[in-house]
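Heads up: the structure comes next, in C-alpha cells.
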Amino acid sequence: MGPTDLSMLELGRKLGSGELSSVEAVRACLARVDRLDGRVKAFLRVDREGALAQAEAADRRRTKGKRAGPLDGVPVGLKDLFLTEGLPTTAGSRSLESFVAPYDGTAVKLLRAAGTPILGKLNMDEFAMGSSTENSAFFPTRNPWNLETSPGGSSGGSAAAVAARMVFGALGTDTGGSIRQPAALTGTVGLKPTYGRVSRFGVVAFASSLDQVGPMTRDVPDCAALLQTIAVYDPADSTSAPVKAPDYLAEIEGGVKGMKLGLPREYLELPGMDPEVRAAVEAATRALEKMGAQLVPVSLPHTKYALATYYLIAPAEASSNLARYDGVRYGLRVEGKNLLAMYGRTRDQGFGLEVKRRIMLGTYALSAGYYDAYYLKAQKVRTLIKQDFVDAFRTVDAVISPTSPTAAFRIGEKVSDPLAMYLNDVFTLPCNLAGLPGLSLPCGLTRGNLPIGLQILGKPWDEARVLRIARAFEREHDFHRRSPPLGAA
Ligand code: GLN
C-alpha cells in the first residue's frame, strides 16, 4: 500500500506524526499522474513546481510545530472553474483558454490557508454545462473504472482524479448534479452543500441561483473535513449566508438509529431507471433500516417537472452570466470589421455547441413575450418543488434516492442526444432547485464492475446529518475502499 491509498485524514495524521512528508505525498501523486493521466485525461494543467513548493512549505511548518490543521500538506485538485492566481482558469472553454486570473477565489484561499498543496486544474464540461465531460473544449475525461466510459460531469476531471488516486480530494461545483453525478459514476463521495454554505467568489458563474461549491473525496470523513475547510461565511459573495458551520466530524460516527429516512415514491417510478441501480439502492435502504433507521414513504409530487424547470432557469441565468465574454473584458477576442462583428466572431469561436444551445434557450426564455410563459412559470414551479421538500421534511430527517438513473455510460453514447444527456440529472436537479444539501456515496457495483451511487438529501444547513447517515452506511460496507482496476498496483 502506497501513500496514495490513504484517505486525506489518514495522510494528514501521518504528516502530523512525521511518518510521511508532504513532498513525498505530492511526488506519489505526480507519479500516478505520469503513469495514468495519459489515459484518464483528468488534468488540464498539472502544477508540479507550485505543488512541490507548497508541500515544502507544509513540511517546514510541521518541523516548526506550526501545522495549519488536519489537512496541512494533503495534495488536492481543483475543477478548472476556480480562479487561481498565476495558473490558467479555462472553465473548459476556448474562450478562456489563456485566461489567468489576477487573484484566488475564496475557496482556493481557504484551501491555501489550510495548507493543501494544489496539484493542478481538472477537466470539466465547458462552463459546467454537461453530464459527461465530453463538452470540454479540450478532450473528454475517461472513467478510471472503464476507460470506454464517461466519469460523468461536469466535474468529471475532479471525480476521475480522485477515483484514480491522482489527488487525495478535489473541489467541484454543482448546479444540477455536477458534483454528485460524477461522484456516483466513479465510486467516490461528493457533496453539494446548502445554497449559501460555501462562497462562490472567484468561481466562474454558470447559473447563479443554483451554483454551489463542494468537496469530492474518497470517503465520508474526508468529505466532512474538506467541507469544514471551505464552509466559511464570505461577505464578498452576496449569497454566502452568515450561518456558522458546526464541527462536521464531531457526530459523524453517531449512526442512524431512530432517524426517519424518506423514500420518494416518484423517484423509483421514473422512466429510464436501470434495474441494477434500483436493486442496489433498495439494498442500501434496507441496510440503513437494519442499522436502526425508520424508512418512511414520502411524496415529492412535482418531481416530474424538475427537468423542464431546471432547463429553463439554468440556461436563462447562463445566457445572462455568459454575456460578459465579449472579447473586451476576458479571454478570447477575434477581430471583426466593426464592434458587432468582433462580438459575433469572438463568441462564435469561443463557445462550443452546448454552450451556444444554452445561450439560445435562455435568451428565448427571457425574451419579451415569452418571459411570462417560460421563465416566470419555471420560477413558480420551482417554488412548488421546494414546497414538496418542505412538506416531506416535516416527517423525515433526510430523503434517500439513487444519484443517477444509470451507472457510467459509454463515451459518445449520449453526446448527440441532449435530451438523453439531460435525463441523467432527474434525481440531482430537485436538490439544486430547492437549495438543499445533497451527497452521493458509492453503494454498489454493477455486474460490469461499475460503481452505483446513493443520494442523501438533507434539510437546509443540515449537512452534518447527511454526512452522518452516509458514514453509517459507509462504515458497514467497503465500496469506498474498492479501487478502479486501472493502475491498482
Ligand atoms: N448536467 C447539468 C447541466 O448540464 C448540471 C451541470 C452542473 O451541475 N454544473 O446543466
Side-chain angles (χ1 to χ4, degrees), residues 78-82 91-93 122-137 140-141 150-159 170-185 190-193 195 198 200 203-216 272 306-319 321-322 351-362 365 378 382 403-406 408-409 414-415 417-440 453 455 457:
L78 296 172
K79 183 179 188 177
D80 206 15
L81 203 61
F82 290 86
S93 180
L122 297 157
N123 199 19
M124 54 180 287
D125 287 298
E126 185 174 8
F127 287 106
M129 298 173 192
S131 308
S132 69
T133 322
E134 289 164 289
N135 294 339
S136 164
T141 296
S150 162
S154 64
S155 313
S158 300
L171 292 188
T173 63
D174 189 313
T175 303
S178 277
I179 288 177
R180 290 161 287 153
Q181 182 257 18
L185 271 43
L191 170 67
K192 182 203 90 75
Y195 185 76
V198 181
R200 293 107 39 98
V203 182
V204 176
F206 164 11
S208 302
S209 76
L210 301 159
D211 298 342
Q212 190 43 210
V213 168
M216 304 178 75
L307 197 76
T309 304
Y310 173 89
Y311 278 98
L312 283 167
I313 293 175
E317 294 182 8
S319 71
N321 272 326
L322 270 58
F351 295 147
L353 287 179
E354 182 62 25
V355 173
K356 287 178 183 159
R357 178 165 24 235
R358 304 277 178 119
I359 293 173
M360 285 193 280
L361 281 171
R382 179 178 188 171
T403 306
S404 179
T406 66
F409 47 90
K414 300 189 180 178
V415 76
D417 181 353
L419 197 56
M421 194 67 94
Y422 297 173
L423 280 167
N424 259 291
D425 306 332
V426 280
F427 297 120
T428 49
L429 299 174
C431 159
N432 300 72
L433 290 167
L436 308 172
L439 176 146
S440 178
Q455 179 174 245
L457 303 176

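We count ligands from 1, going down the list as the structure has it; atoms in each ligand are counted the same way.
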From K79, R180, R200, residue fulfilling salt bridge (charged side-chain N to carboxylate O under 4.0 Å, His left out) relative to D174
R180
Can you name the residues that form a side-chain hydrogen bond (donor to acceptor under 3.5 Å, both in side chains) with S208, not counting sequence neighbours?
N321
List the protein residues in contact with ligand 1, where contact means a heavy-atom separation under 4.0 angstrom.
A128, M129, G130, S131, S154, D174, T175, G176, G177, S178, F206, Y310, Y311, R358, D425
Sequence neighbours left out, what passes ring-ring contact (aromatic ring centres under 6.0 Å, His included) with Y422? Give chain and number order.
Y311
Hey, does M124 have a side-chain heavy atom less than 4.5 Å from the side chain of V204?
no
Compare all side-chain heavy atoms of N135 with those of S154 and state whether any distance is below 4.5 angstrom.
no
Could you list the residues that satisfy side-chain contact (heavy atoms from CB on, under 4.5 Å) with A314, not counting sequence neighbours?
F206, A207, L210, Y310
